[in-house]
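One structure is given here, and the rest of the page talks about it.
The chains referred to below are lettered A, B, ... by the order of the sequence lines, with proteins before strands, and numbering in each begins at 1.
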Amino acid sequence: MSDTTQSGPVLAADGTPLKRSLARALRMQKIRALMLVAPLLLFVLITFILPIGDMLFRSVENQIVSDTLPRTVVALREWDANSGEAPDEAVYAALAEDLKIAAAAKLHTRVGSRLNYEKPGISSMFRKAGRKVKKWDVENGGPFKEQFIAIHEGWGDPDAWRTIQTYSPNFTNGYFLNAADLQKGAEGAEWRPEDEQIYWVLFKRTMFMSMVITISCIILAYPVAWILANLPARSANMLMILVLLPFWTSLLVRTSAWKVMLQQQGVINETLVWLGLVADESRLVMINNQFGTIVAMTHILLPFMILPMYSVMQTIQPTYLRAAKSLGATNWTAFWRVYFPQSVPGIGAGSILVFILSIGYYITPELVGGTKGVFISNRIAFHISSSLNWGLAAALGAILLAVVLVLYWAYDKIVGIDNVKLG
Amino acid sequence: MKLTKLSALVATTAMCAPMAMAQDMANEMTIVSWGGSYSASQKNAYHDPYTAKTGVKIINDESSAEAVAKIRAMNEAGNVTWDVVDVVASDAMRLCDEGLAEEIDHDAVLAAAPDGTSASEDFGNLIVSECFVPQIVYSTTFGYRTDLVGDTAPTSVCDIFDLEAYPGKRSLQKRPIDNMEWALYCDGVAKEDIYDVLGTAEGVAQGLAKLDTIKDQVVWWTAGAETPQLLADGEVVMGSTFNGRLFSAIAEQNQPIGMLWDMQSFDLDGWIIPAGLSPERKARALDYLNFATDTQRLADQAKYISYGPARASSAPLVGKHAELGIEMAPHMPTDPANATNVHTYDYEWWADNRDDLDAKFQAWLAK
């Protein structure tokens, strides 16, 4: 093969240089591959990334005030919130003009409900004022200050005006402050009054309980997965169905079943009383508290731990264990030094699945958690579906997402994400 | 933003248009309600007769519990698929404030009473929002296990707070509304002063302190079906729920449950029309409301469920239960014998203070 020492480019069959021909072929392949995944890529982008981005954006968005009350916002810039006095007539005149337009478009109550999240009472100030202002002559009907205060005394309250001023910029960090039990005070962020602090408690509780649930899943799932992996295929399949059956059963059914089991007149308590282990008047309280949530959620999430563990354990050669034993290891040493390290990727995968699923759970905690067993997601659900404070819900969701990403990063640093295997 | 402006424009044009003729109406509509026996009563009393009269196909959706959030999402997406929605009065106010529900001219849209009284007079002060057409009066009140409360059955709402006379667990709804009022009332605050007291920080602390005395004996519920179940299981000795739920547990299922009407908390449930419907669909929705909330129809619903009709003129027409054959009037929250001491909650006050008090209440619960 003396040709290779010749100078000049190597040519392909059609006479073009081989390098260029190869590059073209590779490019074609890449485009073809991209075209193949394009539907999925678009699908994920449109149905996943965009909505989540839109929802997260709400946590800082605050255009509603300056959009609805443009003149008032400008007039209010000059006013000193710490003066202790309500703003002067010019602001009220601007407000009258803004409100008349807003009321005609029925937008005034929206600003009212937006600001009511920050200061209770503003909602009815706007509702009542809008009704009256519709009939006013904003050019010659002034002065308006007294008229506004006559409609609702709140309009004379400097605190209400401070709220409007504070929330007039297009973007706000108010929702995030609120989500961290803070509020905007006279001098920047300050703690909310103690009787309103709740989110820190819930974030900490969510993290703590999710970890407890993950750990109890590991403890329960490991032996089950081991048995599944080491039984002959026929009986293993039989057991597998037993693992999967609850997995296929409705979440609500399983949660309600736990209610029946755990409540004070429930199956477990009745049995214990019948056996004489527990006195009738001191039945165990096992539901509507943290214990209930942990038990029910461990059961519900168990398959997510068993399945990855099982598929990893199946790939571990039994010959390794035999080899260890033949070299003189005890049963425990053989397990701990040879088998266990090989099963760690399964534990890792299962733990990530269970942990991330459990911090987002809210149906089960709502049903069996009572007051001490509810998660942050229960508050997010409340703000989405009941209080309609989507900004706050988005801020809480964003914090939760950030916490998950940080934990994932920490997991990668400590255990290494390459060490996670689903099979 | 563009979409909302557009839908607002469509809504205003629809409002200005004269009442459309029958041929301009959609011939299919989606009605959203709470499901269960409540939806069944509406189907029997309103939907089936309306379909028989007009041939319109009615699709039932049981999403009222999430209605507020879903209507907002639909409105933002510019695709409102619901025509008439059954919501509680406070939700109707919220939807109206957010511009998500259509304002309704009650006298122009709704039928007058048989004696000619205008609709707005017939409904009276139950029209708590411009967007709201009242349908029923229900109440949140207490039921107790007749066999677990000893020889003297509870007669006052304050017996809930009396752990000595009535030991055992009680169930309360997991929200500040009603519970705070009952707590203050039982702590000696006069009924007419409740909201003045509750408006102050000390008042909130006082109410929570009263609830603190029973906190570790309370099972908190979120769905109306929970209390009847807890009572039936003997998990609680007494608990609050909607009066219709207690009626069916007592009269239909023969459970050993008694009813406590003292300080029952009146609330309203009714219809709203979501904003942003096409003119044909809106005309159909208004026509349906005119039919379904007339005097006879409202009285008919009481044959199937023990909630009081919202029209004054319907009360005398309330008859017997369709299957059990018992007189329904004595089971209505509005019956004079039951309504000797009632609590009517202040919608405007709660609309202003709900979020604030809810935060405090949840913080208290988590402690």
Side-chain angles (χ1 to χ4, degrees), chain A residues 54 63 67 104-110 112-114 116-128 131 154 178 181 192-199 201-202 205 259-260 263-266 285 287-288 366-367 369-372 374 378-379 381-390 392, chain B residues 1 4-5 8-9 11-12 65-70 72-73 76 91 93-100 103 129-130 169 174-175 199 201 204-205 208 215-216 218-220 222-223 226 229-230 233-236 275 348-349 351-367:
Chain A
D54 178 62
Q63 274 106 329
D67 274 0
K106 292 183 207 138
L107 293 172
H108 60 295
T109 45
R110 287 191 199 195
S113 3
R114 161 66 189 99
N116 201 65
Y117 296 134
E118 314 302 337
K119 184 174 161 52
I122 291 194
S123 161
S124 67
M125 282 164 55
F126 274 91
R127 201 181 304 123
K128 284 184 180 150
R131 228 174 271 153
N178 195 347
D181 285 332
R192 281 185 172 263
E194 206 173 321
D195 64 346
E196 285 176 30
Q197 294 182 10
I198 177 161
Y199 298 116
V201 179
L202 287 178
R205 182 192 290 163
K259 273 193 146 172
V260 175
Q263 63 185 5
Q264 287 196 285
Q265 314 292 324
V285 183
I287 201 166
N288 297 323
E366 184 73 49
L367 289 176
T371 58
K372 297 271 171 25
V374 292
N378 294 87
R379 290 311 286 164
F382 171 80
H383 285 303
I384 288 280
S385 65
S386 183
S387 81
L388 279 193
N389 193 350
W390 287 10
L392 179 56
Chain B
M1 202 56 216
T4 32
K5 271 185 191 148
L9 189 73
T12 19
E66 311 89 67
V68 186
K70 283 199 174 170
R72 189 197 242 192
E76 288 192 3
D91 281 345
M93 274 183 89
R94 212 174 261 264
L95 287 165
C96 209
D97 278 357
E98 293 273 340
L100 299 171
E103 282 183 23
S129 156
E130 284 97 341
K169 299 229 169 198
K174 204 190 227 169
R175 62 171 196 175
V204 175
L208 291 177
K215 191 179 179 188
D216 56 354
V218 175
V219 176
W220 300 97
T222 44
E226 286 178 68
Q229 187 62 48
L230 289 166
D233 290 351
E235 278 290 299
V236 298
E348 194 104 356
W349 193 91
D352 280 346
N353 296 285
R354 184 166 153 181
D355 299 317
D356 183 52
L357 228 68
D358 194 78
K360 289 180 177 151
F361 185 75
Q362 294 295 337
W364 171 78
L365 275 183
K367 250 188 252 160

Query raised in the report: How far apart are the C-alpha atoms of K119(A) and D352(B), what are their side-chain angles, what is the distance that settles it, and do they pass the salt bridge (charged side-chain N to carboxylate O under 4.0 Å, His left out) test?
Result: CA-CA 9 Å; K119(A) 184 174 161 52; D352(B) 280 346; over 6 Å; no
**Report entry** Side-chain heavy-atom pair S386(A), R175(B) within 4.5 angstrom cut-off
**Finding:** no
Query raised in the report: How about D355(B) and N389(A): do any of their side-chain heavy atoms sit closer than 4.5 Å?
Result: no
Report summary line: NZ (K70(B)) and OG (S385(A)) are apart, to the nearest 0.5 Å, by 10.5 Å
Report task. Taking the side chain as every heavy atom from C-beta outward, state whether Q229(B) and K259(A) have any atom pair closer than 4.5 Å. Result -> no
Query raised in the report: Rounded to the nearest 0.5 Å, what separation is found between the OG1 atom of T109(A) and the CG atom of L95(B)?
Result: 11.0 Å
**Report entry** Option that, when pairs with chain A are counted at under 4.5 Å, heavy atom only, ranks first among R72(B), K169(B), E348(B)
**Finding:** R72(B)
Requested in this report: Indicate whether the side chain of D97(B) and that of S113(A) have a donor and an acceptor atom separated by less than 3.5 Å.
Outcome: no
Query raised in the report: For F126(A), is it the side chain, the backbone, both, or neither that has a heavy atom closer than 4.5 Å to a heavy atom of chain B?
Result: neither
Report task. Check whether any side-chain N or O of R354(B) sits under 3.5 Å from a backbone N or O of P120(A) as a donor-acceptor pair, and report yes or no. Result -> no
Query raised in the report: Given a strict heavy-atom distance threshold of 4.5 Å, which part of V260(A) is in contact with chain B: side chain, backbone, both, or neither?
Result: neither
**Report entry** Residue, of A359(B), A363(B), G99(B), that accumulates the most heavy atom pairs under 4.5 Å with chain A
**Finding:** A363(B)
Report task. Check step by step if side-chain contact (heavy atoms from CB on, under 4.5 Å) holds for W390(A) and E76(B). Result -> CA-CA 13 Å; W390(A) 287 10; E76(B) 288 192 3; 4.2 Å; yes
Query raised in the report: Any side-chain heavy atom of T371(A) within less than 4.5 Å of one from Q362(B)?
Result: no
Query raised in the report: If you count heavy-atom pairs under 4.5 Å with chain B, which of R379(A), K372(A), E366(A) comes out on top?
Result: R379(A)
Requested in this report: Could you tell me whether E98(B) and R110(A) have a side-chain N and a carboxylate O separated by less than 4.0 Å?
Outcome: no
Query raised in the report: Is any NZ, NE, NH1 or NH2 atom of the basic residue among E130(B) and R131(A) found under 4.0 Å from an Asp or Glu carboxylate oxygen of the other?
Result: yes
Report summary line: Here the gap from F361(B) atom CZ to D195(A) atom CG, rounded to the nearest 0.5 Å, amounts to 13.5 Å
Query raised in the report: Which atoms of R205(A) come close to chain B, meaning under 4.5 Å heavy atom to heavy atom: side chain ones, backbone ones, both, or neither?
Result: side chain
Query raised in the report: Considering only heavy atoms from C-beta outward, does the side chain of D356(B) approach that of Y117(A) to under 4.5 Å?
Result: no
Query raised in the report: Does K360(B) use its side chain to pair, donor to acceptor, with the backbone of Q197(A) at less than 3.5 Å?
Result: no
Query raised in the report: Are any side-chain N or O atoms of K106(A) and backbone N or O atoms of C96(B), one a donor and one an acceptor, separated by less than 3.5 Å?
Result: no
Query raised in the report: Does some side-chain heavy atom of V219(B) sit less than 4.5 Å from a side-chain heavy atom of Q263(A)?
Result: no
Query - Candidate pair W220(B) and N288(A), rule side-chain contact (heavy atoms from CB on, under 4.5 Å), full reasoning - result: CA-CA 8 Å; W220(B) 300 97; N288(A) 297 323; over 6 Å; no
Query raised in the report: Just how far is it from atom CG of L388(A) to atom CG of L100(B), taken to the nearest 0.5 Å?
Result: 7.5 Å
Query raised in the report: Does any non-hydrogen side-chain atom of S123(A) lie less than 4.5 Å from one of M93(B)?
Result: no
Report summary line: Rounding to 0.5 Å, atoms CD (E66(B)) and CD1 (I384(A)) come to a distance of 12.5 Å
Query raised in the report: In terms of heavy-atom proximity below 4.5 Å to chain A, should A223(B) be classed as side chain, backbone, both, or neither?
Result: neither
